Each structure stands twice: as structure tokens, then as C-alpha cells.
Amino acid sequence: MPEIFKQPWPWYTSGLAIAFVMALLLYFGKSFGFSSNLRTICAIAGAGKHTSFFNYNWKRQRWNLLFMVGAIAGGFICSVFFKNDEPLSLSPATINDLQKLNIPFDGQLNPESLFGTGALDFKNILLLLVGGLLVGFGSRYAGGCTSGHAISGLSALQLPSLIAVVGFFIGGLVMTWLIFPFLF
Amino acid sequence: MRAIKYILAGVLFGIVMVKSEAVSWYRIQEMFRFQSFHMYGIIGTAVLSGIIIVFAIKKLRLNDSSGRPIVFADKTGSWKNYLFGGLIFGLGWALTGACPGPIFVNIGYGYISMLIVAMGAVLGTYLYGVFVAR
């Protein structure tokens, strides 16, 4: 594959492409919001039998599940055909900060010391599971995630979405600056 | 064959997420440490062009592909839900470096351990449905 396809995209190309995905889904008559799939998965697994929150016609969300399948395929396609051979160009300040937390920068997308299959000890499994739990619980509590609020909601100038995005950042800052030193 | 367009839109989304490096745990850390413009540039460009797109759709009263008007439902609900829900989400976003979309893009990329994050996210959604949304 020619080098140009392997390189990461600049932020403006990426931002425009994300807005294009949102516009594409609007043209299909749908609303861009990824975390609804988590609720749909619960509904398919039968959670609606005893909890009314999951008792709805999830088949109307089938398109979103297909979108999710596509997203997984997109990740796979990138790792097979468009994998960047160069290390990620992370800010030296971040590399330095993470080094102090004993998370060495290895140039990949995600640190091996947290996500590598060889590093999956009890602590890392617990961190990933709890982290995922907070993402799932919080996105439903807030009524959406980064796609539903930060992209779709802010684009439609929804004040609730701005409040949610402010919440995303407060949570992220608290985790990064106050909780990370105790975890790593 | 109507299904294929959603899969293709998802493939595009997955590729964008990887090529923008928005799926990277490191990039999310960089963002929350204010040490690079990269993620702010991505979100800022997406939102600015999104605002123009939505404005144009409303102004020109555009229809979707099946001829129905494109409508934008106002989000209703308590600000507390948005703030505290958002806060909880943010804690998980910084810890795992992934919001719901990138969790699944990362699984496709080959990060098997992101399956644990995905399981946690489904469980978290379930717990919300059982204990809060009653």
C-alpha cells in the first residue's frame, strides 16, 4: 500500500470526515449516536423481560447495529491495509507525564502496558472493566456519548448536549489529574 | 440491499476514527492534559462543519433519501442527568481512552482486550436500566 494511505490524517480532514458521516446518516433518515447500540445489545439479550427500559422495539435500531459492524470492519481494514508504520507523534510533554505514571510510550495507538494481552493481569482487567462500566452507565445516564452529544447535539445547538460535553470534560480531567496517580 | 449503506457508513466511520487517531488512548490523555491541539482540532472542525450542515438542512428544508423531512428533536430532560451522566462517562473515557464508537473500532483493529471494555460498557448500560431508569 502506498505510503500516503498509511499516514494519519490531519485534524481538519478528520473533523470534516466525521461531520460527513453525521450528514450521511441524516440523509439516510437516521441520527448519529453510537451508544444506543449498547442499549440495543441489552434488549436483544432479553433484558426487556424484566426491565422496561430495555422493553422497546429494538429492531428499529438495526441500522445502528449494522453501522457498528461496519465500524469494527473499518478498524480491521485499517490494521491490515493502512497501518501506520511510523510511531504515533505524541506530544513529548504527554510522553514525559505518562513515563512518571509508569506507562511507557511505545508508539502504538494504545499502550501495551495496559492493553497488551501479555499485560492482562487482575489489575488491568479490573481497570478496563470498570472503565467500560463507567462509559456505559454514564452515556445512558447522560442520554448519549461523544457522537450523540458532542457531534450530533452540538451541531444542532442543543444546550443539554453542551452540558453533557462539559460533564465529559470534568470527568476526564478528574480521572486524568486526580485519580490516575492512585491507579498507576 | 438497504443494509449495505449502513455498513459502508460504519466502515467509513471506523477508518476515520483510526486515521484521525481518535481511537488512541495516548491521544485522549494528550487531550485531557492540554498538551496538543490535535483532538480539539478534530472535534472543533467536526462541530463547526456540523453546525453549518444542520443549519443548511433546516434553512433549505431538505428531505432524507426516502423523501421525509429531516427533523432534529430537541433534547429534553434534567440538566443534572446531562452533567452527572456526562461526568461519569468522562471518568471512563479518560481511563479506557475510548468512547463507545472507538471501543468497537479498536476491537476490529485487533485490540482484543477492548472486549473487556465493551463488556463493561454493556454491563454499565444494563445497570443504568435496572437501577436508575425506572
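Each chain gets a letter, A, B and so on, in the order its sequence line appears, and its residues count up from 1. Note that this is a predicted model, so its numbers are computed, not measured. Computation of the quantities below employed the complete heavy-atom set of this structure, encompassing side-chain atoms and omitting hydrogens, waters and symmetry-equivalent molecules.
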Participant: Would you verify whether the NZ or CZ of A:R62 falls within 45 degrees of the ring axis of B:Y6 while also being under 6.0 Å from that six-membered ring's centre?
Facilitator: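 A:R62 over B:Y6 ring: no.
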Participant: Is it the backbone or the side chain of A:D106 that comes under 4.5 Å from a heavy atom of chain B, or both, or neither?
Facilitator: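 Interface part for A:D106: both.
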Participant: With a 4.5 angstrom heavy-atom cut-off, could you sort out which part of B:Y111 is near chain A: side chain, backbone, both or neither?
Facilitator: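 Contact with chain A involves the side chain of B:Y111 alone.
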Participant: Transitively linked via ILVMFWY side-chain contacts under 4.5 Å: A:I170 with A:L178?
Facilitator: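 In one cluster: yes.
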Participant: Taking a hydrophobic cluster as the set of Ile, Leu, Val, Met, Phe, Trp and Tyr residues connected by side-chain heavy atoms closer than 4.5 Å, whether directly or through intermediates, do B:L48 and A:W9 fall within one such cluster?
Facilitator: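 No; A:W9 is not reachable from B:L48 via cluster members.
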Participant: Counting only heavy atoms closer than 4.5 Å, note whether A:L120 contacts chain B via side chain, backbone, both or neither.
Facilitator: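 For A:L120, the side chain is the part near chain B, not the backbone.
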Participant: Quick check on A:T94 against chain B: is it the side chain, the backbone, both or neither that has a heavy atom closer than 4.5 Å?
Facilitator: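 The answer is both parts of A:T94.
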Participant: With A:Y141 as reference, evaluate B:Y82, B:F131, B:Y128 under the ring-ring contact (aromatic ring centres under 6.0 Å, His included) test and give the passing residue.
Facilitator: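 Between A:Y141 and the candidates, ring-ring contact (aromatic ring centres under 6.0 Å, His included) is satisfied uniquely by B:Y128.
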Participant: Could you have a look at B:S66, B:A73, B:G14, B:A118 and say which one has the most heavy-atom pairs with chain A under 4.5 angstrom?
Facilitator: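 Option with the top pair count is B:G14.
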Participant: For A:S89, which atoms come within 4.5 Å of any heavy atom of chain B: side chain, backbone, both, or neither?
Facilitator: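 For A:S89, the contact with chain B is made by backbone and side chain together.
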Participant: Any idea which of B:N81, B:I28, B:T96 has the most non-hydrogen atom pairs under 4.5 angstrom with chain A?
Facilitator: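 Looking at each option in turn, the highest pair count goes to B:N81.
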Participant: Search all heavy atoms of B:P100 against all heavy atoms of A:S35 and return the closest pair with its distance.
Facilitator: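 Scanning both residues completely, I find the closest heavy atoms to be CG-CB, 3.9 Å.
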Participant: Do you know which of B:G44, B:S78, B:G92 has the most heavy-atom pairs with chain A at a distance under 4.5 angstrom?
Facilitator: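 Option with the top pair count is B:G92.
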Participant: Does any backbone or side-chain atom of A:Q7 lie under 4.5 Å from a heavy atom of chain B? Answer side chain, backbone, both or neither.
Facilitator: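 The backbone, not the side chain.
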Participant: Using heavy-atom distances under 4.5 Å, tell me whether B:F37 contacts chain A through its side chain, its backbone, both, or neither.
Facilitator: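 The answer is the side chain of B:F37.
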Participant: Quick one: which of B:M119, B:M17, B:M114, B:K80 has the most heavy-atom pairs under 4.5 Å with chain A, could you say?
Facilitator: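 Most heavy-atom pairs under 4.5 Å with chain A: B:M114.
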Participant: Take the angle between the ring planes of B:W79 and B:F84 and call it parallel below 30°, perpendicular above 60°, tilted in between.
Facilitator: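 Plane angle between 30° and 60°, so tilted.
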Participant: Could you look at B:R33 and say if it's the side chain, the backbone, both or neither that has a heavy atom under 4.5 Å from chain A?
Facilitator: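 The answer is both parts of B:R33.
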Participant: Determine whether the aromatic ring centres of B:F32 and A:W177 lie less than 6.0 Å apart.
Facilitator: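 Aromatic pair excluded; centres sit 6.0 Å or further apart.
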Participant: Which bit of B:I116 comes within less than 4.5 Å of chain A, counting heavy atoms only: side chain, backbone, both or neither?
Facilitator: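 For B:I116, the contact with chain A is made by backbone and side chain together.
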Participant: Under 4.5 Å from any heavy atom of chain B, what part of A:F105 do you find: side chain, backbone, both or neither?
Facilitator: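 Contact with chain B: backbone and side chain both.
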Participant: Rounded to the nearest 0.5 Å, how far does CG of B:L12 lie from CD1 of A:I18?
Facilitator: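 The CD1 atom of A:I18 sits 10.0 Å away from the CG atom of B:L12.
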Participant: Name the region of B:M39, side chain, backbone, both or neither, that has any atom closer than 4.5 Å to a heavy atom of chain A.
Facilitator: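 Contact with chain A is absent: no heavy atom of B:M39 under 4.5 Å.
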Participant: Using non-hydrogen atoms and a 4.5 Å limit, figure out which bit of B:I70 sits close to chain A: side chain, backbone, both or neither.
Facilitator: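 For B:I70, side-chain heavy atoms alone lie under 4.5 Å from chain A.
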Participant: For chain A, which of B:D64, B:L91, B:V11, B:T45 has the most heavy-atom pairs under 4.5 Å?
Facilitator: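 Most heavy-atom pairs within the cutoff with chain A belong to B:L91.
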Participant: Measuring heavy-atom distances to chain B, does A:I163 have an atom under 4.5 Å in its side chain, in its backbone, in both, or in neither?
Facilitator: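 Answer is both: backbone and side chain atoms of A:I163 are under 4.5 Å from chain B.
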Participant: Go through the atoms of A:L173 and report whether side chain, backbone, both or neither lie under 4.5 Å from a heavy atom of chain B.
Facilitator: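 For A:L173, the contact with chain B is made by backbone and side chain together.
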Participant: Highest number of heavy-atom pairs under 4.5 Å with chain B: which of A:S147, A:P92, A:G131?
Facilitator: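 Among the listed options, the one with the most contacts to chain B is A:G131.
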Participant: Under a plain distance cut-off of 3.5 Å, with no hydrogens placed, do A:N64 and A:Q61 share a side-chain donor-acceptor pair?
Facilitator: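 Note: A:Q61 and A:N64 side chains meet the donor-acceptor criterion.
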Participant: Quick check on B:Y26 against chain A: is it the side chain, the backbone, both or neither that has a heavy atom closer than 4.5 Å?
Facilitator: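 Both backbone and side chain.
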Participant: Below 4.5 Å from any heavy atom of chain B, which atoms of A:L101 appear? Answer side chain, backbone, both or neither.
Facilitator: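 It is the side chain, since no backbone atom gets that close.
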Participant: What about the rings of B:F13 and A:F67, do their centers lie closer together than 6.0 Å?
Facilitator: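 Yes, close enough.
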Participant: With only heavy atoms counted, which part of A:L65 is less than 4.5 Å from chain B, the side chain, the backbone, both or neither?
Facilitator: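 Contact with chain B is absent: no heavy atom of A:L65 under 4.5 Å.
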Participant: Go through the side-chain N and O atoms of B:D74 and A:Q158 and say whether any donor and acceptor fall under 3.5 Å apart.
Facilitator: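 Distance-only check passes for B:D74 and A:Q158.
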Participant: What part of A:L98 lies closer than 4.5 angstrom to a heavy atom of chain B: side chain, backbone, both or neither?
Facilitator: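 Interface part for A:L98: side chain.
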Participant: Within 45 degrees of the axis of the six-membered ring of A:F82 and under 6.0 Å from its centre: does B:K19 put its NZ or CZ there?
Facilitator: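 Judged by the rule, B:K19 and A:F82 form no cation-pi pair.
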Participant: Checking heavy atoms, do the side chain of A:I41, its backbone, both or neither come under 4.5 Å from chain B?
Facilitator: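 A:I41 touches chain B through side-chain heavy atoms alone.
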Participant: Non-hydrogen atoms of chain B under 4.5 Å away: do they reach the side chain of A:L159, the backbone, both or neither?
Facilitator: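 Interface part for A:L159: neither.
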Participant: What part of A:L16 lies closer than 4.5 angstrom to a heavy atom of chain B: side chain, backbone, both or neither?
Facilitator: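 Both backbone and side chain.
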Participant: Is there a chain of hydrophobic side chains (I, L, V, M, F, W, Y, each step under 4.5 Å between heavy atoms) that links B:W93 to B:V122?
Facilitator: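 Result: yes, single cluster for both.
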Participant: Taking side chain as everything from C-beta outward and backbone as N, CA, C, O, which of these in B:A98 sits under 4.5 Å from a heavy atom of chain A? Side chain, backbone, both or neither.
Facilitator: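 Backbone only.
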Participant: Quick check: B:F89 with A:F137 (ring centres under 6.0 Å apart)?
Facilitator: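 No - the distance between ring centres of A:F137 and B:F89 does not fall below the 6.0 Å cut-off.
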